[in-house]
Participant: 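Take a look at this one; I'll ask things after.
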Amino acid sequence: MPYPFQEIESKWQARWDETCAFRAVPGGGPKFYLLEMFPYPSGRIHMGHVRNYTIGDVAARFKRAQGFSVLHPMGFDAFGQPAENAAIKQGVDPEAWTLRCIDWMRKELKRMGLSYDWDREVVTCLPDYYRWNQWIFLKMFERGLATQAAAPVNWCSGCETTLANEEVIDGACWRCKQPVALRQLKQWFLKITDYAEPLLNDLEKLTHWPQPVRTMQQNWIGRSEGVEIDFRIEGTKETLTVFTTRPDTIFGATYVVAAPEHPLVSKLLAGRPEGEKLRVFAERAARASTQERLAAGEKKEGVFTGLTAVNPVNGEKIPIWAADYVLMGYGTGAIMAVPAHDQRDFLFAQAHGLPVRMVIAPPDLPRRGSGTWTEAYEGEGTQVNSRQFDGLPNSEGKVKIAAWMEAQKMGRRTVQWRLRDWLISRQRYWGTPIPMIHCGACGVVPVPAEQLPVVLPEKAPITGEGGSPLAKVEPFVRAACPKCKQPARRETDTMATFFDSSWYFLRYCSPKAVDGPFDPKEAAFWMPVDQYIGGIEHAILHLLYSRFFTKFLKDLGLLKIEEPFDRLLTQGMVLKAGEVMSKSRGNVVDPDSVIAAYGADTLRLFILFAAPPEDSLEWNDSGIEGISRFLNRVWGLLEKLPDPKAPAADPAADAELLKLTHRTIKRVTGDLESFKFNTAIAALMELRNGQEKLLPGASGQAARESVERTVRMLGPLAPHLSEELWERLEHSGGLTRVPWPKADPALTAESEVTLVLQVNGKVRSRLTVPAGADPKQVERQALADPAVQKWLEGKKPKKVIQVPGRLINLVV
RNA sequence: GGGCGGAUGGCGGAACUGGUAAACGCGCGGGAUUUAGGAUCCCGUCCCGAAAGGGUUGGAGGUUCGACUCCUCUUCCGCCCACCA
């Protein structure tokens, strides 16, 4: 008979609800803000959620037991495409659909026994939240951080609408299967690039973040130092500026390449036959999807423009090409090509018969030969064919040539960033309306802050066809210009949902604030988030945007901190048979069915036990039996308790039981602090196994001490069962505020240690000595050991290595 | 192509700072209990060998008294990014 988990779990969940057991209240201990990434309310929780929220919940309960005043909130990232797609496919109202999903998911989360302060719930699709999206947007606009620019979107001419990248399948629309084209559209951008420098530099402060995440962000921001060089275009007054990180190779430039869509080149070619050729090429390049570019591989397509550039360092005239391997979006949209020292340039030069000139001699030049190369040499070497710089190591040449060019006004040193501005416009219904008004006379005018929120209108025609739904809601679109009061039109784009999730952690500090997005005093108290937990897939975008918002809000004077998240744990994925669990693969294991069969405590423990949090987790149905057995054995502890006044039948058992108990406290405490839940659970299993043997001989007092401490340690992991046992052990008031047990150092100390005796690094014997025994004495005992003597074969050891408390190695 | 990470029994995993490889659990084998099944409890379980002993952390080398752990090369797998000048 398994323990009555259903009854116990619903009893305690109800009690926690009634007593608001997990309300975050300042005071009564140092603050600890523990946050897990909030879910998109798709309707069902999946194992990834279970894992994420269990890890967070154990940490939250552990911190409470350690005396912290814990803020542990939950909410819903409720705007987004799935609701809109449900509206398109089933004709449901996105809001009703979303709120229904939220209700269901909240219920499921409660069934997991997660200790949230539900009073602080945040739902991003409600006006009391998204009005502050609009407010923050207006502040950004005021400071020039929100700007409009043309950008390409995926356009389906069949549906006459914009598509997200994931809706473009093999270059075709997911709904009507027609080919998708790129179309330029004026859209809103946030100038995150203004914050590139602090976003990069402050990564150094995030010492409690996993190194891979910091590296990924660093690469994403991508700072590179280089030189902008001006190439005069022959026969014109124009200059083509290129960017290079390798000024040391400037004397090896044999041609120049511009991006196909480079505006200067198309301007110069207007009306000429090459212009038409270029236009066709640029269009093809723009239409090519990433996949096609990948398929094209190293073909390096390009067209000669007929134009000639003059290399400023030597006056050499070299051709200007346009090629798709140069990107308009990076640097200046043009490069100097040095085929000898850049593999991409090399391949292009080969394909189009362009010359190759070595200017960096490799150290092993004689072996390579200076004649025809089969690939570019990108390594270090000595400057050659570089006039006054010949003979310098190229590392030095790099610095000197850059300085010289700058002095000669041929170019200037600059820094380039890989980071792009953040496009937030979406031609969608289910998102925050961008609070802007387009006036024929005044241009783009912000909605005055006191008119917020700009409420998303109900009953918009959401068909997935014919452009943005909001544009079709005339009463919404029609507005008076805030400046001149003349009729004007509202912006009909909505915000990307990443905007919503870039500051939700601040809203939790004061979820009902009406004077601003959050109360600065509350945020000053709770922020930063002490521990953030979520999937590795958010390692770049979400975390970077949240860091950006935090820095911006600090500049507004609303925050005092530079960084939002102090510690970060990125949890691995949940797999089934080596594959990600997903609906499309049809390999999902439904958490609800596991809870029904085994209970939430068993599910929680199993998912923690199966793998360390950062690793991917292989779901295996059979393993759950072991956890279920363990919890049943813990339940059975109550029956094994002797009479409280009973003396010890076996005094040795008493001592051993207490020793085991306190050693387990030490292990479990350390493991929980470092998120090693799997070994913490293993330690508790060992304790329970030991109790099986030791409880019958123990005194009533020792037995009770051991069992009560076991229950307290299990509290954060299996909260329902632990609460029930705690109550049955005749304690009132619940387990939540009961302090975490402390290990008694007198009981955890070892009195004896067993040393391993090695001869030539091989284990030959063991030796038990008192802890802290004299090394000389230990060595003598080791040498006297019969097994050791046998292996020494009468020889004297050359060397004796003793690691106190661990081993002795005798080398002969 | 680039970046990041990983590989330990039949399986999930453990191993402190370089110091007894395989803790804990699953599975499997055996036993006890039971009319039977289930549940529960106990014992065993990396490989070879009768034993003594030997071998073993994807593979090949290296450093060290000693390597799952550090270094070099290599194979395979996963994730992210995609020609970043």
Side-chain angles (χ1 to χ4, degrees), chain A residues 1-2 210-216 218-220 222 224 226-227 242-246 249 257 259 290-291 293-294 296-300 323-327 329-338 341-345 347-348 416-420 536-537 539-540 572-573 575 578-580 605-606 609-612 614-627 629-630 632-633 636 667 670 676 678-686 688-689 692-693 754-766 797-812:
Chain A
M1 261 294 273
Q211 190 53 53
V213 176
R214 290 160 73 188
T215 308
M216 279 192 266
Q218 193 181 320
N219 294 342
W220 185 263
S224 60
V227 183
V242 306
F243 174 72
T244 182
T245 54
R246 293 289 307 270
T249 65
V257 191
T290 310
Q291 272 182 348
R293 284 196 171 196
L294 179 72
E298 315 237 280
K299 254 199 270 166
K300 300 279 179 248
D324 58 0
Y325 79 99
V326 175
L327 308 175
Y330 186 78
T332 60
I335 61 155
M336 62 174 202
V338 185
H341 305 294
D342 182 288
Q343 185 63 14
R344 290 157 305 179
D345 295 345
L347 291 170
F348 190 84
Q416 285 291 335
W417 302 88
R418 194 189 160 280
L419 184 69
R420 299 272 80 92
I536 182 75
E537 66 273 20
I540 297 180
M573 288 186 292
L575 309 177
E579 289 188 310
V580 181
L605 249 67
F606 175 63
F609 185 60
E614 297 90 345
D615 292 7
S616 58
L617 183 154
E618 177 68 32
W619 182 270
N620 183 340
D621 287 318
S622 61
I624 203 155
E625 293 286 349
I627 295 293
R629 250 171 244 167
F630 166 62
N632 274 305
R633 279 160 67 86
R667 282 173 69 186
K676 290 161 146 187
N678 53 341
T679 50
I681 293 166
L684 288 165
M685 286 172 166
E686 284 179 62
R688 179 63 190 84
N689 291 343
E692 190 68 26
K693 280 196 202 80
T754 299
L755 300 176
V756 168
L757 302 187
Q758 294 182 333
V759 179
N760 286 333
K762 288 210 183 294
V763 180
R764 296 305 182 188
S765 186
R766 268 156 239 275
K798 248 195 307 200
K799 203 168 169 187
V800 179
I801 289 138
Q802 191 172 154
V803 182
R806 289 221 181 261
L807 60 70
I808 294 178
N809 188 11
L810 305 166
V811 186
V812 291

Participant: If I pick the P atom on B:C73 and the same atom on B:G54, what distance separates them, to the nearest angstrom?
Facilitator: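 Their P atoms lie roughly 34 Å apart.
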Participant: With a 3.5 Å distance limit and no angle check, can you tell me whether A:Asn678 reaches the backbone of A:Ala611 through a side-chain donor-acceptor pair?
Facilitator: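 Checked: no pair found.
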Participant: Ignoring hydrogens and geometry, is there a side-chain-to-backbone donor-acceptor pair from A:Arg806 to A:Val756 under 3.5 Å?
Facilitator: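 Flag not set: sc A:Arg806 to bb A:Val756 has no pair under 3.5 Å.
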Participant: Within the structure provided, determine whether A:Asp615 and A:Pro612 are in side-chain contact (heavy-atom separation under 4.5 Å).
Facilitator: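 A side-chain contact under 4.5 Å exists here.
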Participant: Using the C1' atom as the point on both nucleotides, what is the distance between B:U63 and B:U69, in whole Å?
Facilitator: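 To the nearest whole Å, 14 Å.
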Participant: Please state how far atom CZ in A:Phe606 lies from atom C1' in B:C26, giving the value in whole angstrom units.
Facilitator: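 The distance from CZ of A:Phe606 to C1' of B:C26 comes to 9 Å, rounded to the nearest Å.
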Participant: What nucleic acid atoms does A:Lys798 come within less than 4.0 Å of, heavy atoms only: base, sugar-phosphate, or nothing?
Facilitator: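 Nothing, no heavy atom under 4.0 Å.
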Participant: Starting at atom CG of A:Asn760, determine the distance to atom C1' of B:C65, rounded to an integer number of angstrom.
Facilitator: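 For the pair A:Asn760 CG and B:C65 C1', the rounded distance is 8 Å.
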Participant: Assign B:G9 to syn or anti; the rule is syn for a glycosidic angle within 90° of 0 and anti otherwise.
Facilitator: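 It is syn.
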Participant: With the sugar-phosphate defined as primed atoms, P, OP1 and OP2, and the base as all remaining atoms, what B/S/- string results for nucleotides 3-13 of chain B, 5' to 3', for protein heavy atoms under 4.0 Å?
Facilitator: SS-------BS
Participant: Tell me: CD of A:Gln758 to P of B:A67, nearest whole Å?
Facilitator: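 Atom CD in A:Gln758 sits about 9 Å away from atom P in B:A67.
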Participant: Please report the distance separating the C1' of B:A50 from the corresponding atom of B:G61, rounded so that it comes out in whole Å.
Facilitator: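 Taking atom C1' in both B:A50 and B:G61, they lie 37 Å apart.
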Participant: Rounded to the nearest 0.5 Å, how far apart are CG of A:Asn809 and CG of A:Leu755?
Facilitator: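 The CG atom of A:Asn809 sits 12.5 Å away from the CG atom of A:Leu755.
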Participant: Are any of the side-chain heavy atoms of A:Leu810 and A:Asn760 separated by less than 4.5 Å?
Facilitator: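 Not in contact.
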Participant: Please give me the minimum heavy-atom distance between A:Met336 and A:Asp345, naming the atom from each residue.
Facilitator: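 For A:Met336 versus A:Asp345, the nearest heavy atoms are O-OD2, 3.9 Å.
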Participant: Anything under 30° is parallel, anything over 60° is perpendicular, the rest tilted; go ahead and classify A:Tyr325 against A:Phe348.
Facilitator: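 Ring orientation of A:Tyr325 relative to A:Phe348: tilted.
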Participant: Kindly determine whether A:Arg418 and A:Asn219 satisfy side-chain hydrogen bond (donor to acceptor under 3.5 Å, both in side chains), including the steps that lead there.
Facilitator: CA-CA 8 Å; A:Arg418 194 189 160 280; A:Asn219 294 342; over 6 Å; no
Participant: Does some side-chain heavy atom of A:Arg246 sit less than 4.5 Å from a side-chain heavy atom of A:Val227?
Facilitator: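 They are not in side-chain contact.
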Participant: Specify the closest pair of heavy atoms between A:Asn632 and A:Pro2, including all atoms of both residues, with the distance to one decimal.
Facilitator: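 That closest heavy-atom pairing would be OD1-CA, 3.2 Å.
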Participant: Considering just the side-chain nitrogens and oxygens of A:Lys762, establish if one lies under 4.0 Å of OP1 or OP2 belonging to B:G55.
Facilitator: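 Indeed, a polar side-chain atom of A:Lys762 lies that close.
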Participant: Measure from the side chain of A:Met573, starting at C-beta and using heavy atoms only, and say which of B:C83, B:C79, B:A85 lies closest.
Facilitator: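 Nearest nucleotide to the side chain: B:C79.
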Participant: Can you tell me which nucleotide in B:G66, B:A14, B:A85 comes closest to the side chain of A:Thr679?
Facilitator: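 Of B:G66, B:A14, B:A85, B:A14 is nearest to the side chain of A:Thr679.
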Participant: Rounded to the nearest angstrom, tell me the gap between atom CZ in A:Phe348 and atom P in B:G1.
Facilitator: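 Between P of B:G1 and CZ of A:Phe348: 22 Å.
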Participant: When the aromatic ring centroids of A:Trp619 and A:Phe606 are compared, is their separation below 6.0 Å?
Facilitator: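 A:Trp619 vs A:Phe606: aromatic centres under 6.0 Å.
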Participant: For the C1' atoms, the ones on B:C48 and on B:G9, what distance do you get once it is rounded to whole angstrom?
Facilitator: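 Here B:C48 and B:G9 have their C1' atoms 15 Å from each other.
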Participant: Taking CG from A:Leu684 and P from B:G25, how many angstroms apart are they, rounded to a whole number?
Facilitator: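 Rounding to the nearest Å, CG of A:Leu684 and P of B:G25 are 12 Å apart.
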Participant: What is the distance, to the nearest angstrom, from the CD1 atom on A:Ile801 to the P atom on B:G19?
Facilitator: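 Interatomic distance, CD1 of A:Ile801 to P of B:G19: 14 Å.
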Participant: Tell me what A:Val811 touches on the nucleic acid: a base, only sugar-phosphate, or nothing, going by heavy atoms under 4.0 Å.
Facilitator: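 Result for A:Val811 = sugar-phosphate.
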Participant: CZ of A:Arg806 versus P of B:A15: gap in Å, rounded?
Facilitator: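 Value for this atom pair: 13 Å.
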Participant: Taking the side chain of A:Leu807 as its heavy atoms from C-beta onward, which of B:G19, B:A85, B:C83 lies nearest to it?
Facilitator: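 Out of B:G19, B:A85, B:C83, the nucleotide with an atom closest to A:Leu807's side chain is B:G19.
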Participant: C1' atom, B:U8 versus B:G58: distance in rounded Å?
Facilitator: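 Approximately 10 Å lies between the C1' atom of B:U8 and that of B:G58.
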Participant: In the 5'-to-3' direction, what one-character label does each nucleotide of nucleotides 40-46 of chain B receive under the scheme B = base within less than 4.0 Å of a protein heavy atom, S = sugar-phosphate only, - = no such atom?
Facilitator: SSS----
Participant: Between A:Glu625 and A:Arg667, which has a closest nucleotide on RNA chain B that is more 5'?
Facilitator: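 Between the two, 5'-proximity favours A:Arg667.
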Participant: Any idea which heavy atoms bring A:Tyr330 and A:Trp417 closest together, and the distance?
Facilitator: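 Scanning both residues completely, I find the closest heavy atoms to be CE1-O, 3.7 Å.
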Participant: Rounded to whole angstrom, note down the P distance from B:U35 over to B:G27.
Facilitator: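 After rounding to an integer number of Å, I get 26 Å for this pair.
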Participant: So do the side chains of A:Leu617 and A:Met573 get within less than 4.5 Å of each other, counting heavy atoms only?
Facilitator: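 A:Leu617 does not reach A:Met573 side chain to side chain.
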Participant: Determine the interatomic distance between C1' on B:G19 and the same-named atom on B:G3; round to the nearest Å.
Facilitator: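 Comparing C1' positions in B:G19 and B:G3 gives a spacing of 35 Å.
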Participant: Would you mind telling me which of B:C83, B:A85, B:A23 lies closest to the side-chain atoms of A:Ala682?
Facilitator: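 From the listed options, B:A23 comes nearest.
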Participant: Considering every strand and a 4.0 Å limit on heavy-atom distances, what is the contact class for A:Arg764: base, sugar-phosphate, or nothing?
Facilitator: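 Contact class for A:Arg764: sugar-phosphate only.
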Participant: With C1' as the reference atom in both, quote the distance from B:G12 to B:C16 in angstrom, rounded to an integer.
Facilitator: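 Straight-line distance between the two C1' atoms is 23 Å.
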Participant: Please find the pair of heavy atoms, one from A:Val326 and one from A:Ala259, that lie closest to each other, and give the distance.
Facilitator: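 For A:Val326 versus A:Ala259, the nearest heavy atoms are O-CB, 3.4 Å.
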Participant: Hey, where does RNA chain B pair up into stems, meaning at least three consecutive Watson-Crick or G-U pairs with distances under 3.5 Å?
Facilitator: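 Consecutive-pair runs (3 or more) involving RNA chain B: B:1-7 with B:75-81, B:10-12 with B:24-26, B:27-32 with B:40-45, B:46-48 with B:53-55, B:58-62 with B:70-74.
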Participant: From CD1 of A:Ile540 over to C1' of B:A82, roughly how many Å is that when rounded to an integer?
Facilitator: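 So the two atoms are 12 Å apart, to the nearest Å.
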Participant: So if I take every side-chain heavy atom of A:Ile335 and compare against B:A85, B:G19, B:G25, which nucleotide ends up nearest?
Facilitator: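 Of all the options, the side chain of A:Ile335 is nearest to B:A85.
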